[in-house]
Amino acid sequence: MNYWLLKTEPFTYSWNDLVRDKKSVWDGIRNYQARNYMAEMKKGDLALIYHTGSAKEVVGIARISKAAWPDPADKEWNVVEVTPVNKLKNPVPLSVIKSNMAFTDMVLLKNSRLSVQPVMRAEFDRIVAISENK
DNA sequence: GCCAACGTTGGC
DNA sequence: GCCAACGTTGGC
């Protein structure tokens, strides 16, 4: 089981949109590194959903409900299907992640522009723990 | 609104 | 193959 983080601009497509839609094809990723990570995703993997822009916080957990397949709009690229699992009890802001030593190696901090990224299980668990203890 | 960091493109 | 120029992302 692998863990991931998916970024989205909430004005474009938010966690609430995902909940409303029940599932969503995660498309429009046009970055080779991100594409490669998408190709590694397996059905059942979990992904943190992170809001960029003015939000800058992890808001929920989604499941990869369908592994990567070529984007019908441009077959050079991949899409996956994601399904919401649960909203975090409290969102975990980037500022908290930045100030916590447990996350110094997190891709979110080291490569802030990557919109699809792997997350260590320990990081994933810590984010969930922080979200519940507030 | 600015700009640092990063990725891509294209001339050489 | 190098790298300057340019474009994009996303935090501040």
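A, B, ... follow the sequence lines: proteins, then strands. Residue 1 opens every chain.
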K.L.:
May I ask you to check whether A:Q117 and A:Y3 show a side-chain donor-acceptor distance below 3.5 Å?
P.N.:
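The answer is no; no qualifying pair exists.
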
K.L.:
Which is the 5'-most and which the 3'-most nucleotide of DNA chain C that has an atom under 4.0 Å from a heavy atom of chain A?
P.N.:
C:dG7 to C:dC12

K.L.:
Looking for any heavy atom pair under 4.0 Å, which part of the strands does A:Q33 touch: base, sugar-phosphate only, or nothing?
P.N.:
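Answer is sugar-phosphate: A:Q33 comes under 4.0 Å of backbone atoms only.
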
K.L.:
Does the ring of A:W69 carry A:K66 above it, NZ/CZ under 6.0 angstrom from centre and within 45° of its axis?
P.N.:
yes

K.L.:
Do A:N78 and A:Y37 have side-chain atoms, one donor and one acceptor, less than 3.5 Å apart?
P.N.:
no

K.L.:
With a 6.0 Å cut-off on the ring centroids, do A:W4 and A:Y50 count as close?
P.N.:
no

K.L.:
Give every residue pair that meets the salt bridge (Lys or Arg N to Asp or Glu O under 4.0 Å) criterion with at least one member in residues 30-51 of chain A, sequence neighbours excluded.
P.N.:
A:R30-A:D71

